[in-house]
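Down below is the structure, laid out as structure tokens.
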Amino acid sequence: MRLPIRAVTPESRSAEIIGWVHEVRDLGGLAFLLIRDRTGIIQVTIPKKKVPAEVVETVRDVSRESVVRVRGEVKAIDKAPGGREIVPEELEIISIADSPLPLDVAEKVPAEMDTRIDSRFLDVRKPRVRAIFCIRSAVTCAATAFLHSRGYINIATPKIVAAATEGGTDLFPIAYFEKEAFMNQSPQLYKQMMMAAGFEKVFELGPIFRAEEHNTVRHLNEATSLDVEASFADHNDVMDLLEDLIIHVYDYVAKTCGEHLEVLEIDLEVPEKPFPRIPYTEAIEIANAILEEKLAFGDDLSPAAERAIGSEIGRHYFVVDWPTDIRPYYAMPYPDRPEFCKAFDLMHPRMELSSGAQRVHDHDLLVEQIRAKGLAPEAFEFYLKAFRYGMPPHAGWGLGIERLVMTMLDLGNIREAVLFPRDRHRLTP
RNA sequence: GCCCAGGUAGUGUAGUGGCCUAUCAUGACGGCCUGUCACGCCGUCGACACGGAUUCGAAUUCCGUCCUGGGCGCCA
């Protein structure tokens, strides 16, 4: 019976384990193998005169990162890592690894991001890298459980869509039989239509595709978005929800991912409520007080401005009350001052994490705003139709999962937070 | 799309016209080694992205191509 390596303790008498050969140290009459599985690393000690001859033969043949099965006696030894080691009676190579390896899993020599992604399956064998993805799993798990607990239902919307009708970002065109189609940039229109369906509270965790030719450590062409939409809610309600969700996720990771955080040497601080809500006009002033290059009203926050404000605030915060002109047509203008709208961005001091708004639920106003953006309402008919038969007021947001993980774990590159990143140049693996 | 930087053994690097049949580390292979834990020691192997130009001489300068990293723009 195979035991997880962690389950082998100094009290164990014997054990059988299967794992990867992390390192081989052959001292002559004595050899050490470090065997790794996803639960940890154990030392296998081979006194060559005391173990079967076949075992000694196999130690000669085995290469680093091969998969091996070891069965033997467990000895409690203080000088062994974890206070125990296995002296093998059987050693079997289950799958030999070619040599040399494309990168060093034992991390004696670093590898560049590009080299790592080329051999991502090997890269992920590093405990540090695995820890990131275990935490990412905890993040999405905690976020969806949280939304379920608040009465949200999980929906799935199409990733292949008919036309580039939302304007703005570039979409990836694809061939859809005899029709032109695109990869969806966001579930925005569909989750709003589900408000007309009467679901009231929905969320979706799924991929979004953006054909922007940027080349930065914080952009991906395929990303994962957590999207939420709620009826009978305004922008403040969904900001409260987002704030609670972020705190819940941090708290869950802090409580359940201790060992992974330890591997990453991160002392995770759970953010506290409430996150400051800074009006756009104030945010501009804060940035202008610090930056050489001044921002004007109506400018989007540049990366430099985001960092400047971030260093000033020093924690998660919202930028609220944006100029209507620089937000999408579906953002609800304030009735008493329509040049501003009920839109917001959730910011981490390093970058934007989420953006959202109370939406326009009035059909005619929506048509007017679509026109004001220079777009054709006819192209939105499938969407506008949902606003003609009883559309409740609603609000929502979209949150970038990779950015959430990246900022939580202080990763230098967003590619660290995706198994197989899609960026300007990379399509494989 | 614009701008900057870069491409040297499997991996990570040194090397700014001759001292380079190219440094160091890691690795692989062979040898010695019974308590390693980045094991140690000895030996061996393995690389200048591609094409052209300048030059007596190019990893090094120039041009082009391909590829990569990053910043900005853009990111409804």
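Within every chain, numbering begins at 1; the chains are lettered A, B, ... in the order of the sequence lines, protein sequences first and strands thereafter. Predicted model, so just to flag it, every value in this text is computed and none were measured.
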Taking NZ, NE, NH1 and NH2 as the nitrogens, is one of them in D118(A) or R426(A) under 4.0 Å from a carboxylate oxygen of the other? yes
Touch class at under 4.0 angstrom, heavy-atom based, for E65(A) against every strand present: nothing
Regarding the side chain of P110(A), the nearest nucleotide among G12(B), G69(B), G73(B) is G12(B)
Tell me, yes or no, whether the heavy-atom count around E90(A) atom CD, taken from other residues, nucleotides or ligands under 6.0 Å, exceeds 12. yes
Closest of G70(B), G35(B), C75(B) to the R210(A) side chain is C75(B)
Pairing donors with acceptors under 3.5 angstrom, does anything connect the side chains of E92(A) and T58(A)? no
Looking only at atom C1', what distance separates U21(B) and A58(B), rounded to whole Å? 16 Å
Separation of R350(A) atom CZ from G71(B) atom C1', in whole Å? 15 Å
Whole-angstrom distance between G15(B) and A9(B), as gauged at atom P: 16 Å
In whole angstroms, the gap separating P of A76(B) from CZ of R371(A) amounts to 23 Å
Select from P328(A) and N215(A) the residue whose nearest nucleotide in RNA chain B is closer to the 5' end of that strand. N215(A)
Generate the contact string for nucleotides 27-32 of chain B. Rules: B means base contact, S means sugar-phosphate contact only, - means no protein heavy atom under 4.0 Å. SS----
Stem ranges of RNA chain B by first residue number, counting only runs of at least 3 Watson-Crick or G-U pairs under 3.5 Å, come to B:1-7 with B:66-72, B:10-12 with B:24-26, B:27-32 with B:40-45, B:49-53 with B:61-65
Say we look at A59(B) and A5(B): how far apart would their P atoms be, to the nearest angstrom? 23 Å
Classify the nucleic acid contact of K49(A) as base, sugar-phosphate or nothing, counting any heavy atom under 4.0 Å across all strands shown. base
Between Y330(A) and F380(A), is the ring centre distance below 6.0 Å? no
What's the CD-P distance between Q43(A) and U36(B), to the nearest Å? 10 Å
Considering only side-chain heavy atoms of E213(A), which listed nucleotide, G1(B), U34(B), G70(B), is closest? G1(B)
Using whole Å, report how far CG of D300(A) lies from P of G73(B). 10 Å
Could you tell me whether R388(A) atom CZ has more than 12 heavy atoms of other residues or ligands within 6.0 Å of it? yes
Could you work out the separation of A49(B) and U16(B) based on their P atoms and round it to a whole Å? 16 Å
Look at the side chain of K79(A) and decide which nucleotide, out of U11(B), G35(B), G71(B), has an atom nearest to it. G35(B)
If you count the non-hydrogen atoms of other residues, nucleotides and ligands that lie under 6.0 Å from NZ in K385(A), is the total more than 12? no
Starting the side chain at C-beta, find the nucleotide from U36(B), G70(B), C74(B) nearest to A80(A). U36(B)
Anything under 3.5 Å between a protein N or O and an N or O of nucleotides 66-68 of chain B, put it in a table, one pair a line.
{"unit_1": "U68(B)", "atom_1": "OP2", "unit_2": "H425(A)", "atom_2": "ND1", "d": "3.3"}

Under 4.0 Å between any heavy atoms, over every strand shown, what does R359(A) touch: base, sugar-phosphate, or nothing? Just pick one. nothing
Does the ring of F340(A) carry R337(A) above it, NZ/CZ under 6.0 angstrom from centre and within 45° of its axis? yes
Decide if the gap between the ring center of F344(A) and the ring center of F318(A) is smaller than 6.0 angstrom. yes
Classify the ring geometry of H348(A) against H316(A): parallel below 30°, tilted from 30° to 60°, perpendicular beyond 60°. perpendicular
When the C1' atoms of G17(B) and C74(B) are compared, how many Å lie between them, rounded to an integer? 44 Å
What I want to find out is whether E402(A) reaches R218(A) closely enough, with some N-O distance under 4.0 Å, to be called a salt bridge. no
Indicate, yes or no, whether a donor-acceptor pair under 3.5 Å links the base of A76(B) to the side chain of Y330(A). yes
Return the value, rounded to whole Å, for the distance between atom CZ of F32(A) and atom P of A38(B). 13 Å
Can you work out whether P102(A) or A304(A) has the more 5'-proximal nearest nucleotide on RNA chain B? P102(A)
Candidates K191(A), E204(A), Q188(A) - the one meeting side chain to side chain donor-acceptor pair (under 3.5 Å) with T157(A): E204(A)
Measure NZ/K191(A) against P/A76(B) and give the value in whole Å, please. 13 Å
A47(B) and U13(B), which share atom name C1', separated by this distance in whole Å: 12 Å
Of the candidates G35(B), U34(B), G12(B), the side chain of A111(A) sits closest to G12(B)
Taking OP1 and OP2 of C74(B), is either one under 4.0 Å from a side-chain nitrogen or oxygen of R424(A)? no
Would R210(A) and D170(A) pass as an ion pair if we require N to O under 4.0 Å? no
What distance, rounded to whole Å, do you find between the two P atoms, one in U34(B) and one in G12(B)? 36 Å
Within a strict 4.5 Å, meaning less than it, do heavy atoms of the L366(A) and L384(A) side chains meet? yes
Whole angstroms only, please: what is the CG-P distance between L353(A) and C75(B)? 19 Å
Between G70(B) and N413(A), is there an OP1 or OP2 to side-chain N/O distance shorter than 4.0 Å? yes
Out of C74(B), U36(B), G70(B), whichever nucleotide has its closest atom nearest the side chain of H214(A): C74(B)
Tell me: CG of L122(A) to P of G12(B), nearest whole Å? 13 Å
On the 0 to 90° scale, with breaks at 30° and 60°, tag the Y280(A)-W322(A) ring pair as parallel, tilted or perpendicular. tilted
Per L27(A) side chain, nearest of listed nucleotides C72(B), G1(B), U36(B): U36(B)
Just to confirm, is there a sub-4.0 Å distance from OP1 or OP2 of G12(B) to any side-chain nitrogen or oxygen of T115(A)? yes
